[in-house]
Amino acid sequence: MAGGAKTPTANSVRQRRGRKANASPSASQVTSSESSAATPAAGATSSKAVTAAVSPEVAAAVAATPQAAAAPAKRGGARGSGVPPVTTDLFSLAGITWADTGITVLLAVAAGILRISRLSSPNAVVYDEYHYGKFLNWTLTHRFFFDVNPPLSKLVLSGIAYLAGYDPAAFAYGNIGEEYPTAAMAWAARLPSAIFGTLAVPLLYRVCRQLRLSRAASTLGASFGLFDTLSVVQSRLIMPEALLVFLCEASFYCALVFWDAKRVAAARKKAGTLRALDVAHVVIYMGLTATWAGLALATRWTSFATPMLILAVSAFGVPPFLPAPVSVWELLSLFVVLVVAYFMSFGAFFEVVPLSGEGNAFMSADFQQCLMSATAAADAATSRLVSLEESPANASCSLSTWAKFVELNRLISEYSKGVRGDASNGSPWYQWLVNYRGTLYYRTTSPAGEEPATAGIIYALLNPAMIVIVDVLLLAFVAVLFYAVRYRYCRATPVWLNDGLRRASVLFLGWAGSMLPTMIFYRYGQLYQFLPGLFFAQATAAVVFDILPVRSVKVLAAVVGVAGMAAAYAYWSPWVYALPLSQEQHDARQWLPLWK
């Protein structure tokens with residue numbers, strides 16, 4: 001033909017058809033005998049058609065193979081795409097096994113040993129125990145008092161202390177350093193903080209696992225709290241920080257489970273297999289999330305970042321935590337339950353402390369009329385506890401519980417605005433990040449003439465090894481996030497890295513939000529005010545650590561990190577337990593100029 005064009009022969013056409021047929025799997029290779037009757041044209045169909053031809057029994061068998069079962073796991077967890085695994089079992093999403101239960105128990109035992117050992121030592125009033133010890137007494141003798149923080153911590157600490165054998169009539173907390181009448185008295189008063197400080201450590205591990213982190217990263221994250229000297233100190237005194245951290249962790253943990261329950265319910269509803277149990281999981285964990293968050297606010301307002309973060313993720317849907325927003329009714333329910341839990345803590349406070357007391361002068365005349373008569377208050381000051389039934393309320397009270405609630409919250413807000421910190425006893429928030437300055441809580445010296453001269457101190461300070469590891473990982477997160485965002489159009493970010501950065505970003509916002517009160521309103525603050533934010537910083541650091549690509553390197557790094565924090569804790573433990581040291585030994589531990 002013209003132009004040299006060749007006419008395709010019948011043989012060449014058949015050869016090309018044969019190659020096409022060989023390039024695609026035949027029906028007989030995939031399906032049962034029913035599909036063996038397919039025409040030759042079926043061999044050239046698309047993969048969708050081939051998949052459709054597979055019988056349900058064969059598809060189920062293929063899905064049940066070890067290779068197919070392992071495939072989602074390789075892409076799931078901390079390094080996955082954020083899509084739930086094939087399973088729709090709520091308690092299987094995070095991959096919790098008996099190994100995690102064992103680690104949780106070990107962490108709880110270790111935390112209990114560090115926090116409860118020598119709990120009654122020193123047998124003297126330490127720092128803010130001077131105030132909170134009085135709060136215990138006034139709560140247990142039903143006398144009204146005012147504090148710049150909400151009242152829940154006083155109710156919880158005093159109730160547990162009373163059950164442990166605390167006697168409010170035996171000690172008046174006259175001065176800092178004053179000795180308790182018995183060691184058992186000090187032990188009972190401090191036990192509530194030790195309990196919540198102990199529970200916070202294994203709960204932090206479960207938070208990390210619920211974040212889809214590996215066991216190595218989760219153990220490292222829990223060790224941040226386990227060996228933190230400041231957390232241990234606060235857990236051994238009559239102070240509310242241990243309770244506050246526990247409530248923040250509990251609310252965030254329940255929020256993670258609630259969001260998982262929403263995903264499970266959505267998946268089952270789409271598949272037509274929604275169960276009443278799935279709906280119950282959503283309702284139960286939604287209620288627990290809001291309740292814990294409301295109680296955290298009722299302990300200290302500095303915890304506000306936790307409920308705000310939970311509400312924001314629920315309202316807008318932030319992958320990989322929650323692919324889609326919750327419904328308006330669910331969001332409204334979260335908010336209502338949170339407010340109710342916060343309000344009920346104040347209502348319980350008004351019921352427990354109906355007698356005239358130290359707080360009368362702060363309140364309005366109408367509020368004071370609602371308190372018990374001066375005679376009833378005098379009876380409560382005796383060695384006999386006056387029960388609420390024995391003390392009838394003043395009939396002239398004209399304020400409702402809601403009116404009391406509004407007045408007390410307004411008063412707390414006004415006094416909080418007037419708090420600006422003390423440069424002599426506090427530090428600005430940016431110094432907390434580098435552990436630049438601590439706080440001396442207690443000091444005792446050996447008797448005069450005793451050689452060698454020693455001194456025992458309690459010094460509130462972050463574990464130096466812990467804060468260095470956390471700071472380094474936070475800086476690494478900022479650097480990687482900057483790189484990923486800046487060059488997002490030049491090179492694709494791996495799915496597992498993008499997933500980790502999103503988780504870390506949300507947690508980082510929780511840390512920044514918890515720092516806002518000190519950043520904006522206060523010039524100086526106590527180091528323990530950093531603890532709610534430290535929880536988010538530690539969780540962020542654990543997420544960043546889990547981004548390490550090589551598992552063996554990750555495990556080794558976790559072991560080194562835990563060992564380093566344990567060694568640092570052992571070295572600075574005399575400042576936790578007020579163990580006697582010589583001046584030279586104290587000076588050796590003073591690594592920064594303001595550690596004094």
Do [X] and [Y] come close enough that some side-chain heavy atom pair is under 4.5 Å?
{"X": "Leu334", "Y": "Leu338", "result": "no"}
{"X": "Phe477", "Y": "Ser505", "result": "yes"}
{"X": "Thr306", "Y": "Phe536", "result": "yes"}
{"X": "Leu247", "Y": "Ser303", "result": "no"}
{"X": "Ser158", "Y": "Phe135", "result": "no"}
{"X": "Ile310", "Y": "Ser251", "result": "yes"}
{"X": "Thr302", "Y": "Leu244", "result": "yes"}
{"X": "Gln234", "Y": "Ser193", "result": "no"}

I'd like to know if the side chain of [X] and the backbone of [Y] have a donor-acceptor N/O pair within less than 3.5 Å.
{"X": "Asp128", "Y": "Met239", "result": "no"}
{"X": "Ser413", "Y": "Asn409", "result": "no"}
{"X": "Asn463", "Y": "Phe227", "result": "yes"}
{"X": "Arg115", "Y": "Gly197", "result": "yes"}
{"X": "Thr299", "Y": "Leu295", "result": "yes"}
{"X": "Arg236", "Y": "Arg118", "result": "yes"}

Test of understanding: with salt bridge (charged side-chain N to carboxylate O under 4.0 Å, His left out), list the residues that count as partners of Arg300, not counting sequence neighbours.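 With neighbours one apart ignored, the set is Glu241.
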
If I take atom [atom1] from residue [X] and atom [atom2] from residue [Y], how far apart are they, to the nearest 0.5 angstrom?
{"X": "Phe258", "Y": "Leu288", "atom1": "CZ", "atom2": "CG", "value": "11.0 Å"}
{"X": "Lys154", "Y": "Leu140", "atom1": "NZ", "atom2": "CG", "value": "14.0 Å"}
{"X": "Tyr577", "Y": "Leu114", "atom1": "OH", "atom2": "CG", "value": "4.5 Å"}
{"X": "Ile467", "Y": "Leu462", "atom1": "CD1", "atom2": "CG", "value": "5.0 Å"}
{"X": "Ile195", "Y": "Ile116", "atom1": "CD1", "atom2": "CD1", "value": "7.0 Å"}
{"X": "Arg190", "Y": "Ser235", "atom1": "CZ", "atom2": "OG", "value": "12.5 Å"}

Thr439 and Gln526: side chain donor to acceptor below 3.5 Å: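 Short answer, yes.
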
Trp259 and Ser314 side chains, donor-acceptor separation under 3.5 Å: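 Yes, Trp259 and Ser314 have a side-chain donor paired with an acceptor closer than 3.5 Å.
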
Begin with the C-alpha distance, continue with both residues' side-chain angles, and end with the deciding distance and a verdict on side chain to side chain contact (heavy atoms under 4.5 Å, CB included) for Leu531 and Ser231. CA-CA 8 Å; Leu531 287 177; Ser231 298; 3.7 Å; yes

Nearest heavy-atom pair of [X] and [Y]: which atoms, and what distance?
{"X": "Ala222", "Y": "Leu107", "answer": "CB-CD1, 3.6 Å"}
{"X": "Ser214", "Y": "Lys554", "answer": "OG-CD, 3.5 Å"}
{"X": "Tyr132", "Y": "Ile238", "answer": "CB-O, 3.0 Å"}
{"X": "Gly221", "Y": "Leu204", "answer": "O-CD2, 3.1 Å"}
{"X": "Ser514", "Y": "Gly533", "answer": "OG-CA, 2.9 Å"}
{"X": "Leu433", "Y": "Phe530", "answer": "CD2-CZ, 4.0 Å"}

Can you name the side-chain contact (heavy atoms from CB on, under 4.5 Å) partners of Ile176, sequence neighbours left out?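 Ile176: side-chain contact (heavy atoms from CB on, under 4.5 Å) contacts with Tyr130.
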
Thinking salt bridges, do Glu330 and Lys262 make one under a 4.0 Å N-O criterion?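 Counted as a salt bridge, because a side-chain N and a carboxylate O are separated by less than 4.0 Å.
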
Determine, for Arg502 against Asp499, whether the closest basic-nitrogen to carboxylate-oxygen distance falls under 4.0 angstrom.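 So Arg502 does not pair with Asp499 through a salt bridge.
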
Determine whether the aromatic ring centres of residues Phe349 and Phe145 are separated by less than 6.0 angstrom.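 When the ring centroids of Phe145 and Phe349 are compared, they turn out to be within the sub-6.0 Å range.
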
If you count the non-hydrogen atoms of other residues, nucleotides and ligands that lie under 6.0 Å from OH in Tyr571, is the total more than 12?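 Yes, enclosed.
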
Check the pair Asn435 / Trp595 against side chain to side chain contact (heavy atoms under 4.5 Å, CB included), numbers first and verdict last. CA-CA 9 Å; Asn435 210 22; Trp595 289 9; 3.8 Å; yes

Begin with the C-alpha distance, continue with both residues' side-chain angles, and end with the deciding distance and a verdict on salt bridge (charged side-chain N to carboxylate O under 4.0 Å, His left out) for Asp147 and Lys134. CA-CA 11 Å; Asp147 180 40; Lys134 291 181 178 179; over 6 Å; no

Val543/Phe508 under side chain to side chain contact (heavy atoms under 4.5 Å, CB included): CA gap, chis, key distance, verdict: CA-CA 10 Å; Val543 172; Phe508 189 82; over 6 Å; no

Angle class for the Tyr127/Tyr441 ring planes (parallel below 30°, perpendicular above 60°, tilted otherwise)?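 Geometry flag for Tyr441 against Tyr127: parallel rings.
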
In terms of relative ring orientation, are Trp591 and Trp572 parallel, tilted or perpendicular, with 30° and 60° separating the classes?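 Geometry flag for Trp572 against Trp591: perpendicular rings.
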
Restricting to ring pair (Phe, Tyr, Trp, His ring centres under 6.0 Å), what partner residues turn up for Tyr342, sequence neighbours left out?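 Result, ring pair (Phe, Tyr, Trp, His ring centres under 6.0 Å) vs Tyr342: Phe346, Phe405.
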
Ring pair (Phe, Tyr, Trp, His ring centres under 6.0 Å) against Phe246, all qualifying residues, sequence neighbours excluded: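 Partners of Phe246 under the ring pair (Phe, Tyr, Trp, His ring centres under 6.0 Å) test: Phe196, Trp292.
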
Just grab all the side-chain hydrogen bond (donor to acceptor under 3.5 Å, both in side chains) pairs involving residues 467-476, residues at least two apart or on different chains.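 The answer is none; no pair qualifies.
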
Step by step, work out the side chain to side chain contact (heavy atoms under 4.5 Å, CB included) result for Asn149 and Ile412. CA-CA 7 Å; Asn149 294 304; Ile412 292 174; over 6 Å; no

Return each pair, listed once, that meets salt bridge (charged side-chain N to carboxylate O under 4.0 Å, His left out) where at least one residue sits in residues 92-106; pairs must be two or more places apart or across chains.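 Counting only pairs at least two positions apart or across chains, the salt bridge (charged side-chain N to carboxylate O under 4.0 Å, His left out) contacts touching residues 92-106 are Asp100-Arg209, Asp100-Arg215.
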
